[in-house]
> 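Below is a structure I'd like to ask you about.
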Amino acid sequence: MQTPATAFLKAKGIPYTEHSYEYVEHGGTAVSAESLGAPEHEVVKTLVMQDERALPLIVLMHGDRKVSTKNLARQAGRKSIEPCRPEVAQRHTGYQVGGTSPFGLRKPLPIFMEKSIGALASVYINGGRRGFLVRLKTGDLVAVLKPQIVEGSLED
């Protein structure tokens, strides 16, 4: 299925595989990991947050971890960071919450990635709609998104 995310990956020549699962409202990465038989640590969630000036940013985090907004704000040089409301996140990204991908965003946004994600050979990440992940090499993810690396995870 073509989404802005898969169109972006194809245009960049990034190889990926498509993985569909039954989306569960508020099920999070536990549902997708279980249905795909993948470790939740390798399922990367795309979180839309905003700083104290309501400027949006994307955070890529392991599915089994939470973001320390204090650590993230400090490393990103912001006063504070908090999650965006769903309707605000959708306006910034063009994606429905639960289907947000860091690829093919409506407009370029700063992207921050948890450092330990870089140690994984490959990751599952949202492909641009609910119930749809793409799997790609972590090196390709980093090369195409050029995220700022941060250490801001908390054990879930």
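FYI, the numbering just counts along the sequence from 1.
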> State which residues pass ring pair (Phe, Tyr, Trp, His ring centres under 6.0 Å) with His41; sequence neighbours excluded, sorted by chain then number.
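In terms of ring pair (Phe, Tyr, Trp, His ring centres under 6.0 Å), with neighbours along the sequence ignored, His41 is linked to His62.
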> Any chance CD of Glu52 has more than 12 other-residue heavy atoms, nucleotides or ligands included, within less than 6.0 Å?
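Yes, the 6.0 Å shell around CD holds more than 12 heavy atoms from other groups.
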> Tell me whether Val134 shares a hydrophobic cluster with Ile14, the cluster being built from Ile, Leu, Val, Met, Phe, Trp, Tyr side chains joined at under 4.5 Å.
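Both belong to a single hydrophobic cluster.
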> For Asn126, does its backbone N or O pair with a side-chain atom of Ser101 as donor and acceptor, under 3.5 Å?
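Confirmed, Ser101 side chain pairs with Asn126 backbone.
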> Is there side-chain contact between Leu60 and Ile58, with at least one heavy-atom pair below 4.5 Å?
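Yes; the side chains approach each other to less than 4.5 Å.
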> Can you list every ring pair (Phe, Tyr, Trp, His ring centres under 6.0 Å) pair that touches residues 66-95, not counting sequence neighbours?
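Matches after skipping sequence neighbours: none remain.
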> In terms of heavy-atom contacts, does CZ of Arg106 have more than 12 from other residues, nucleotides or ligands at under 6.0 Å?
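Check passes, neighbour count above 12.
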> Are Phe132 and His19 close enough, and set up right, to give a ring-ring contact (aromatic ring centres under 6.0 Å, His included), and what steps lead you there?
CA-CA 6 Å; Phe132 178 62; His19 303 270; 8.7 Å; no
> Can you list, pair by pair, the side-chain donor-acceptor contacts under 3.5 Å of residues 137-145, counting residues two or more places apart and other chains?
unit_1 : atom_1 : unit_2 : atom_2 : d
Thr138 : OG1    : Leu120 : O      : 2.7
Thr138 : OG1    : Ala121 : O      : 3.4
Thr138 : OG1    : Ser122 : N      : 3.4

> Would Glu25 and Arg130 pass as an ion pair if we require N to O under 4.0 Å?
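Arg130 and Glu25: salt-bridged.
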> Give a yes or no on whether Lys10 atom NZ has more than 12 heavy-atom contacts from other residues, nucleotides or ligands under 6.0 Å away.
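Yes, because the 6.0 Å sphere around NZ of Lys10 holds more than 12 heavy atoms from other groups.
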> Show the numbers, then the answer: is there a side chain to side chain donor-acceptor pair (under 3.5 Å) between Glu82 and Gln50?
CA-CA 6 Å; Glu82 64 184 11; Gln50 64 186 18; 3.0 Å; yes
